[in-house]
**Student:** 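Quick one: the structure is below, questions incoming.
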Amino acid sequence: MDSKLKVQLLRYTPEGEKLVASAAKLCYSPVGIDKIEENLDEEKVDRFLNMLMDLGHESPLEHLSFTFGVEGVSRVLTHQLVRHRIASFSQQSQRYVKLDQFDYIIPSSIDNVKEARDIYIKAMEEDQKYYDEITDILFKEHFEKLLKKGYNDKRARTMAEKMSIEDARYVFPNACETKIVFTMNTRSLFNFFRLRCCNRAQWEIRALATEMLKEVKKVYPTLFKNAGPSCLIGVCPEGKMTCGKIDKVRERFKSI
């Protein structure tokens, strides 16, 4: 069945903006560790953060981390997501989780054309059918072999199921829905937003990045006020491949 994107900010570093300002203060003043948070009121924190952004001094941002829980995304998306290496990922395993009815993502270009949608859904249903059939065949094969090796019935069934779905999962498409928890620090998030909020990013991961940006802005608006695609505060880095909609892009992300 079709599945919808859901993004939740599970955890984040508390008093994060003050922590970044404290780290920055240590870099630019002679104070000791026990005094770096002294007199850091809201106004001074804001000033430090703006100074960091203007200088491009992003290393203090690495002290903050954000953990997201995401579901309703495809394996197409997570294959792109895990390329962001300064992050930690925990994804639902098709090796250990048997999918009796897998959910899937339908691109809007397909969803909006009835003929294409009908073919697409049929393909998804057939994939589930083949997965079930292969799982059953492999289960019987593994189960009998394990019994002959001396495993008791309960243990043999558990092992046979795991072994059968481990290989049957190969028939699943990239459209297969998955769930993932991942953590990024602020500097990695800035890079992620610059790349994935861009109009040239693939539509699904662009939607994810935009929702993530909305979530972090709710908790730390000053820190993420200029976060978004590269063209938000500078020139478009795509050159001849630019989308040509820089004004609309800026208007949209400034209002998030």
Side-chain angles (χ1 to χ4, degrees), residues 7-70 81 83-89 181-201 205-238 243 245-256:
V7 180
Q8 185 174 346
L9 180 58
L10 300 176
R11 297 285 189 281
Y12 58 90
T13 305
E15 296 188 89
E17 293 184 332
K18 186 174 183 179
L19 177 59
V20 170
S22 298
K25 181 179 179 180
L26 184 68
C27 294
Y28 295 105
S29 68
V31 299
I33 298 298
D34 57 338
K35 293 184 179 180
I36 58 173
E37 292 192 7
E38 281 188 3
N39 302 317
L40 270 181
D41 55 25
E42 188 174 336
E43 182 181 346
K44 289 183 179 178
V45 167
D46 187 68
R47 188 163 66 245
F48 265 112
L49 292 178
N50 283 304
M51 178 189 72
L52 290 177
M53 298 303 101
D54 291 341
L55 293 175
H57 185 186
E58 294 187 345
S59 61
L61 304 179
E62 296 177 18
H63 298 297
L64 276 67
S65 64
F66 300 80
T67 300
F68 300 87
V70 174
L81 181 62
R83 293 172 187 164
H84 293 268
R85 293 173 178 81
I86 311 301
S88 301
F89 304 96
V181 170
F182 58 95
T183 302
M184 292 183 178
N185 67 45
T186 308
R187 192 176 193 177
S188 291
L189 273 175
F190 272 40
N191 177 65
F192 180 78
F193 293 143
R194 282 194 287 265
L195 297 174
R196 303 302 186 174
C197 287
C198 173
N199 274 351
R200 283 185 43 77
I205 199 167
R206 184 171 70 245
L208 170 65
T210 302
E211 291 304 310
M212 288 168 57
L213 179 57
K214 290 178 182 178
E215 291 299 306
V216 296
K217 272 196 167 185
K218 290 177 184 176
V219 294
Y220 293 134
T222 301
L223 190 61
F224 289 97
K225 68 179 182 180
N226 291 326
S230 297
C231 66
L232 192 62
I233 57 173
V235 298
C236 174
E238 295 293 327
C243 71
K245 300 177 181 178
I246 191 168
D247 291 336
K248 290 184 178 179
V249 171
R250 287 176 175 175
E251 182 180 351
R252 179 187 176 199
F253 281 92
K254 287 294 186 181
S255 64
I256 289 178

**Student:** Step through the shown structure and confirm whether more than 12 heavy atoms of other residues, nucleotides or ligands are within 6.0 Å of CD1 on Ile86.
**Tutor:** no

**Student:** Return the minimal non-hydrogen interatomic distance between Leu232 and Ala227, and the atom names on each side.
**Tutor:** CD2-O, 3.3 Å

**Student:** Roughly how far apart are Arg47 CZ and Lys44 NZ, rounded to 0.5 Å?
**Tutor:** 6.5 Å

**Student:** Mind checking side chain to side chain contact (heavy atoms under 4.5 Å, CB included) for Ala23 and listing every partner two or more places apart, or none if nothing turns up?
**Tutor:** Pro60, His63

**Student:** Find the distance between CZ (Phe66) and OG1 (Thr13) and round it off to the nearest 0.5 Å.
**Tutor:** 6.5 Å

**Student:** Which pair of non-hydrogen atoms, one from Phe89 and one from Leu81, has the smallest distance, and what is that distance?
**Tutor:**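 In terms of heavy atoms, the two residues are closest at CZ-O, 3.5 Å.
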
**Student:** So, the side chain of Asn50 versus the backbone of Asp46: is there a donor-acceptor pair under 3.5 Å, distance only?
**Tutor:** yes

**Student:** What verdict does the side chain to side chain contact (heavy atoms under 4.5 Å, CB included) test give for Phe192 and Met212, after you've listed the backbone C-alpha separation in whole Å, the side-chain angles of each residue and the deciding distance to 0.1 Å?
**Tutor:** CA-CA 10 Å; Phe192 180 78; Met212 288 168 57; 3.6 Å; yes

**Student:** How far does OH of Tyr12 sit from OG1 of Thr67, to the nearest 0.5 angstrom?
**Tutor:** 12.0 Å

**Student:** Applying salt bridge (Lys or Arg N to Asp or Glu O under 4.0 Å) as the test, list every pair that has at least one member in residues 219-230; sequence neighbours left out.
**Tutor:**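 Found none.
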
**Student:** Provide the full list of salt bridge (Lys or Arg N to Asp or Glu O under 4.0 Å) pairs with a residue in residues 11-22, sequence neighbours left out, each pair given once.
**Tutor:**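 The answer is none; no pair qualifies.
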
**Student:** Compare all side-chain heavy atoms of Val70 with those of Leu208 and state whether any distance is below 4.5 angstrom.
**Tutor:** yes

**Student:** Could you list the residues that satisfy salt bridge (Lys or Arg N to Asp or Glu O under 4.0 Å) with Arg194, not counting sequence neighbours?
**Tutor:** Glu58

**Student:** Which of these, Ile256, Val219, Thr186, sits in a side chain to side chain contact (heavy atoms under 4.5 Å, CB included) with Phe224?
**Tutor:**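 Result for side chain to side chain contact (heavy atoms under 4.5 Å, CB included) with Phe224: Thr186.
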
**Student:** Starting at CG of Leu213, measure out to CZ of Phe190 and round the result to the nearest 0.5 Å.
**Tutor:**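 Leu213 CG to Phe190 CZ: 9.5 Å, rounded to 0.5 Å.
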
**Student:** Specify the closest pair of heavy atoms between Gly234 and Ile246, including all atoms of both residues, with the distance to one decimal.
**Tutor:** O-CD1, 4.0 Å

**Student:** Using 0.5 Å steps for rounding, measure from the CZ atom of Arg83 to the CG atom of Leu195.
**Tutor:**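 Going from the CZ atom of Arg83 to the CG atom of Leu195 covers 12.0 Å.
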
**Student:** What heavy-atom pair brings Val181 and Gly69 nearest, and what distance separates the two atoms?
**Tutor:** CG2-CA, 4.3 Å

**Student:** Which atom names give the shortest non-hydrogen contact between Met184 and Ala87, and what distance separates them?
**Tutor:**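 Shortest heavy-atom contact: CG-CB, 3.7 Å.
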
**Student:** Spell out, as yes or no, whether a donor-acceptor pair under 3.5 Å connects the side chain of Arg200 to the backbone of Cys243.
**Tutor:**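 Not at all, since once roles are kept as given, no pair shorter than 3.5 Å links the two residues.
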
**Student:** Can Leu40 and Phe48 be said to form a side chain to side chain contact (heavy atoms under 4.5 Å, CB included), step by step?
**Tutor:** CA-CA 9 Å; Leu40 270 181; Phe48 265 112; 3.9 Å; yes

**Student:** Please step through side chain to side chain contact (heavy atoms under 4.5 Å, CB included) for the pair Val216 and Phe68, ending with a clear verdict.
**Tutor:** CA-CA 10 Å; Val216 296; Phe68 300 87; 3.6 Å; yes

**Student:** Contact between Leu61 and Leu189 at the side-chain level, heavy atoms closer than 4.5 Å - yes or no?
**Tutor:**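 Result no, sub-4.5 Å side-chain heavy-atom pair not found.
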
**Student:** Considering only residues two or more places apart or on different chains, which pairs with a residue in residues 247-256 satisfy side-chain hydrogen bond (donor to acceptor under 3.5 Å, both in side chains)?
**Tutor:** Asn226-Lys254

**Student:** Does any N or O in the side chain of Tyr220 come within less than 3.5 Å of the main-chain N or O of Gly16, such that one atom is a donor and the other an acceptor?
**Tutor:** yes

**Student:** Determine the minimum heavy-atom distance between Cys197 and Thr210, stating which atoms define it.
**Tutor:** SG-N, 4.2 Å

**Student:** Taking side chain as C-beta onward, heavy atoms only, is Leu223 less than 4.5 Å from Leu64?
**Tutor:** yes

**Student:** Just wondering, are more than 12 heavy atoms of other shown residues or ligands nearer than 6.0 Å to CD in Glu62?
**Tutor:**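 Atom CD in Glu62 is packed in, count exceeds 12.
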
**Student:** Run the side chain to side chain contact (heavy atoms under 4.5 Å, CB included) check on Lys218 and Leu9 step by step: do they pass?
**Tutor:** CA-CA 10 Å; Lys218 290 177 184 176; Leu9 180 58; over 6 Å; no

**Student:** Mark yes or no for whether Ser230, through its side chain, and Pro237, through its backbone, hold a donor-acceptor pair below 3.5 Å.
**Tutor:** no

**Student:** Please identify each residue that fulfils side chain to side chain donor-acceptor pair (under 3.5 Å) with Glu37, with sequence neighbours left out.
**Tutor:**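 Counting only residues at least two positions away or on another chain, Glu37 forms no side chain to side chain donor-acceptor pair (under 3.5 Å).
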
